[in-house]
Amino acid sequence: MRPVYMVSGGITKFAKAHPEMTFQLMVKKAYDYALADIGLMHREAVDVIDGVVASYFSDHFTRQLMAGIMVQDYLGLVPKPGHRVEGGGATGGICFQEAYKSVASGVMDVCLAYGFETMSHVNTWKGNEFIALASDVNFDYPVGGFYTGYYAMMVVRHMKEFGTKVEQMALVSVKNHINAYHNPYAQKREQLTVEDVRKSPMVAWPLTRLDVCVMSDGAAVALLASEEGIRKLEKASGTKLRPVRVSGIGRGTDSMRMADRPHGKVILLPHESAGDYRNLDYPGIHSFRAGRMATKLAYEMAGIKNPLEDIDFVELHDAFTSSEIQTYEDMGLCKYGEGGKFVEAGNPFLPNIDYGVKLKKKGTIPVNPSGGLMACGHPVGATGLMQAVFAFWQIQRSIKKHFGNDLLQVRDARRGAIHSHAGTGTYVTVSILEKA
Amino acid sequence: MKKEKEAIAIPETEEGTVLFKVPFPKDLKQLKDMSPIVTLQHYGINYIHSYGQDSPFFAGLANGRLLGTRCASCGYIHVTPKLHCQQCGGECEWMELPKEGRIHTFTVCYFGSEEFLKETPFMLVLVEFAGAKTLMLSRLLGVAPSSASIDLIGKKVRPRFKRNSKFKPTDLYFVLAE
Ligand SMILES: [Zn+2]
């Protein structure tokens, strides 16, 4: 395998609905942004891009099979190689990694990863039904298929096992919404308090409406290249690129039915020992074994021994406040069981933003400085690529250029992790981006 | 806050209006400024869905019996049945599960997918059985949604069955045993 770099990215702002655009145009806008950012004209891009990977989750939402090729066609990138990937909520993360592999393997020098989702084409509760069809339709869906219900059951067990509190979960919502307040790409920009979150209507006990991300229309693209690809792009555009290296990828899986997850031993990260978890049945339904496996593989590849020391920020899949807390643990930001206390102490907050809460260890490792899915939105196929774009801009130190302010720029951001997650922890990807 | 504004809004429905004509500008340059045309399109299907090798589970429910599977090679118990063992790949045999389990975790759904929205609030439960590491997803009945608390975990529950089987997992539900 050879080194792979992310060289540009773009996002079509996530919104409740984009009726003025079809999905092809949504992707085109993000693509045009990415090209313009490196001074590349369309004609030149067509010459240099070797192929594409398409990401969208649900054929039910699009009601159009083979939507991937329709986007590629609209971008003017046929007859180049292309294919679509699908893996639930992790579709975008998987897409990013498949584009990585296309370049790392030497098959392509420049590969475009693009993703989108059009969730506004059905009402919210039909949308929830479509998402719930991503659970076993023989045994799970007919019982009352509802993803918020599934995650609620998981966090109830987390609360029982580790004493996690609803106020700790609410802090995740406060953090991500207030971060997003400074992000012009965010769908929801609200200054919230813990009380607002808890007083919001109950969706599935103990998760309220403000513990849950919203549905969106949106698109995102990431352009990946080899060293040779960078030379070609620089020659074509006449500009010097500011690439960011993709130094690790990891992926994990778990059984579709939560009910099937056997209880065994914790998969350990380099800075943990078996003694930490002597009496813990793992993963139970309180933890995401797929997230831990993805983390382990990505850290090994990037040479990360201790994430708190070796990573400067994380963009992770916070479809629910509870799953952000569970993911701190899967990613080894703290030990299993300590996620609630980790956020309560302030570790995943940005050091320079006022959240209206007293935080003892503010800013140890900012998590979702962008505002995450919770506030930026979650157009499924685009989400994992949105994280890649935000992480890319963080490491490029170009947040000010793209956001119009630098409040969310992580100081000295050198290395970041992105984490994409499919319900209920069935597919998870972790990728590491760092200064080239 | 925004919530309050939402609360006094007239309900939005999806009937829409049949559209025969739309305004059209003389100058084609103005076309790009026009609003998008949004139409209502129906999509409905009947599937001929087979439960395949899992069919005995549903036959069991229709006869008031709760069945799981046990691996013939390693003895691993699949409370939600699998014909092949997820631990060793061996073929499993059908077995009857104990008449009593315990609440492993639960939730109360106040909202839901469109299909289940009219049933809200309802309780989902994952039930554990002695001797098995896997669980059963079901509905929990007879518990007031307002009494949701961590204290429900570990409480004993018993399976109950619908008299008129619908051949769905909801032919089964659980109630508190004590
Ligand atoms: Zn076996």
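Quick caveat: nothing in here was measured; it's all calculated off a predicted structure. To find a chain, count down the sequence lines: A is the first, B the second, and so on, and within it residues start at 1.
Between chain B and the residues A/Glu20, A/Met258, A/Arg63, the largest count of heavy-atom pairs under 4.5 Å involves A/Arg63. Counting heavy-atom pairs closer than 4.5 Å to chain B, the top-ranked of the candidates A/Pro262, A/Pro142, A/Gly144 is A/Gly144. For chain A, the option among B/Thr120, B/Val125, B/Leu135 with the highest count of heavy-atom pairs below 4.5 Å is B/Leu135. Between chain A and the options B/Thr170, B/Leu172, B/Val108, heavy-atom pairs under 4.5 Å are most frequent for B/Val108.
For B/Phe122, the part lying under 4.5 angstrom from a heavy atom of chain A is the side chain only. Contacts between B/Pro81 and chain A at a heavy-atom distance below 4.5 Å involve backbone atoms as well as side-chain atoms. Only the side chain of B/Tyr43 comes within less than 4.5 Å of a heavy atom in chain A; its backbone stays farther off. In this structure, chain B has heavy atoms under 4.5 Å from both the backbone and the side chain of A/Asn123. Contacts of A/Arg261 with chain B are made by backbone atoms alone, with heavy-atom separations under 4.5 Å and no side-chain atom involved. Contacts between B/Phe58 and chain A at a heavy-atom distance below 4.5 Å involve the side chain alone, from C-beta outward. Using a 4.5 Å cut-off between heavy atoms, A/Tyr141 contacts chain B through both its backbone and its side chain. The part of A/Val137 that comes within reach of chain B is its side chain, from C-beta onward, which places non-hydrogen atoms under 4.5 angstrom from that chain. Heavy-atom distances place the side chain of B/Leu117, and not its backbone, under 4.5 Å from chain A. Within the 4.5 angstrom heavy-atom criterion, only side-chain atoms of B/His49, from C-beta onward, approach chain A.
For residues 158-174 of chain B, every residue pair satisfying the salt bridge (Lys or Arg N to Asp or Glu O under 4.0 Å) rule, not counting sequence neighbours, is listed here: B/Glu100-B/Arg158.
Separation of the B/Phe116 and A/Trp125 ring centroids does not fall under the 6.0 Å cut-off. Remark: aromatic rings of B/Tyr110 and A/Phe146 are distant, center separation not under 6.0 Å.
At most 12 non-hydrogen atoms from other residues, nucleotides or ligands lie less than 6.0 angstrom from CE of A/Met293.
Remark: side-chain polar atoms of B/Thr107 are not paired, donor with acceptor, to backbone N or O of A/Gly149 under 3.5 angstrom. A donor-acceptor contact shorter than 3.5 Å links the side chain of A/Glu129 to the backbone of B/Glu115.
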